[in-house]
Amino acid sequence: MSDIFDTLVIGAGAAGLFHAARAGEQGLKTCVIDHAAKPAEKVRISGGGRCNFTNIHTAPENFISENPHFAKSALARFTPYDFIERLDRRGITWHEKTLGQLFCDGRSAAIIDMLLDDLRASGGVLRLNTSVVSVEKTAGGFRAVTSGGSVDCRKLVVASGGLSIPKMGATGLAYDIARQFGHAVIPPRPALVPFTFEGRDKDDFASISGVACPVTARNTRARFEEAMLFTHRGLSGPSILQISSYWREGEDVTINLFAGRDAVAELTAFKAAHPMKALATAMEALLPSRLVSLLAARGELPDIPRLADLSHSAIEALVERLSDWTVKPSGTEGWRTAEVTAGGVDTAGLSSKTMESRTVPGLYFIGECVDVTGWLGGYNFQWAWASAHAAAGV
Ligand code: FDA
């Protein structure tokens, strides 16, 4: 005997829970299954426990996909303000931290409670500790064989996320189901992830682990002006996480250590005021002192006794070099720490309006498993809500 539902959602994360409640509100008998013991664990830990649940500047340009137009429709039909309205109705207070990033004033658990209450109120069923054994097409829709028995459904919504943080239960199930039904998968890769280094760079960066400074990190595809952090394994911080999503193995990343500042003017003024001081002293007005010492030890600062000995063209050359400070990561910290997965179910096979498979009616993919990856700063949750809403057809 099989349980029968209108909609079966695989994955009780942000996208799956949000979708299931919308489906239930339309009168559809809905079941959500998840192999984890608790729902929406990534919501819980996100944003340092306060969930950066959206970004008010959300626009298609903040997402990476083989098809940059794909996300437009869903994002336009469910905006950050639509999600904010839900929080406001629920009495969940929030604040803007920086760059349009909205966080809960309290714990992210408030959002999970809202998602679960909405699911219950819509008559939806949640089955945790339930793994998927197989999925097959039937005359009336689909049958999923699970560790808790078989479930028949008309509509199968795959919301099982990407591969980041396997310790939290991430699996490639969505990609397996996509391939089983003839969909292409853009090779998944870790994104929003720290860079690692080898050899001298690794030792050097580790020696100033914990030092942070504002930079512009760029490559041929994108540029981000935010903080960078030196770590025991290499480089991290928002600017590095952002550019990592645009990075490919073996490529360089160029860093402007003087982001947003006129370093030539500042060094020139410092030299005029203190000609007998050391260059390092002048540099410490621009950069953290431990970074200045490291740059000196790496031979990246001219070896002159006093600023008076530094010509204007030497100042210009120094600033140019450190504005184009090029590093070559040996890799990334990988799935263990990647905040999201880039790549995923190829959007070419999905309707951008409904997230439904173009070739298998009744099969939907939503959230992170789709080849739509947001920048750091609340964009990935906004994609989860928006794609879940699109698939509900409301
Ligand atoms: P999600 O991964 O949330 O849910 C998938 C669900 O499917 C999980 O519950 C999982 O257990 C289940 N599942 C997986 N495989 C299964 C299987 N084989 N069988 C059954 N169930 C299975 N984004 C953002 O916008 N703002 C933020 O502040 C943060 N912060 C953040 C911090 C950290 C540490 C991480 C790792 C990630 C973030 N993110 C973020 C990214 C954000 O968490 C992510 O994009 C969304 O949770 C994706 O939502 P989904 O519902 O698509 O997948």
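When a residue number appears, it is its place in the shown sequence, counting from 1. Counting starts at 1 for both ligands and their atoms, in listed order. If you're wondering where the values come from, they're calculated on a predicted model, not measured in any experiment.
By the 6.0 Å and 45° rule, Lys277 does not stack over the aromatic ring of Phe270. The cationic group of Lys29 lies under 6.0 Å from the six-membered ring centre of Phe5 and within 45° of the ring axis, placing it in a cation-pi geometry.
Not counting sequence neighbours, the partners of Ala392 by the side-chain contact (heavy atoms from CB on, under 4.5 Å) test are His19, Arg22, Gln26, Val394. Taking the salt bridge (charged side-chain N to carboxylate O under 4.0 Å, His left out) definition, one finds that Lys328 meets it with Asp252, sequence neighbours left out.
In this structure, the side chains of Leu235 and Ile255 come closer than 4.5 Å at one or more pairs of heavy atoms.
Clustering of Ile, Leu, Val, Met, Phe, Trp and Tyr by side-chain heavy atoms under 4.5 Å joins Ile186 with none of the others.
Listed as neighbours of ligand 1 are Gly11, Ala12, Gly13, Ala14, Ala15, Asp34, His35, Ala36, Lys42, Ile45, Ser46, Gly47, Asn52, Ala159, Ser160, Gly161, Ile165, Gly169, Thr171, Leu173, Glu339, Val340, Gly367, Glu368, Gly378, Tyr379, Asn380, Phe381, each bearing a heavy atom under 4.0 Å from the ligand.
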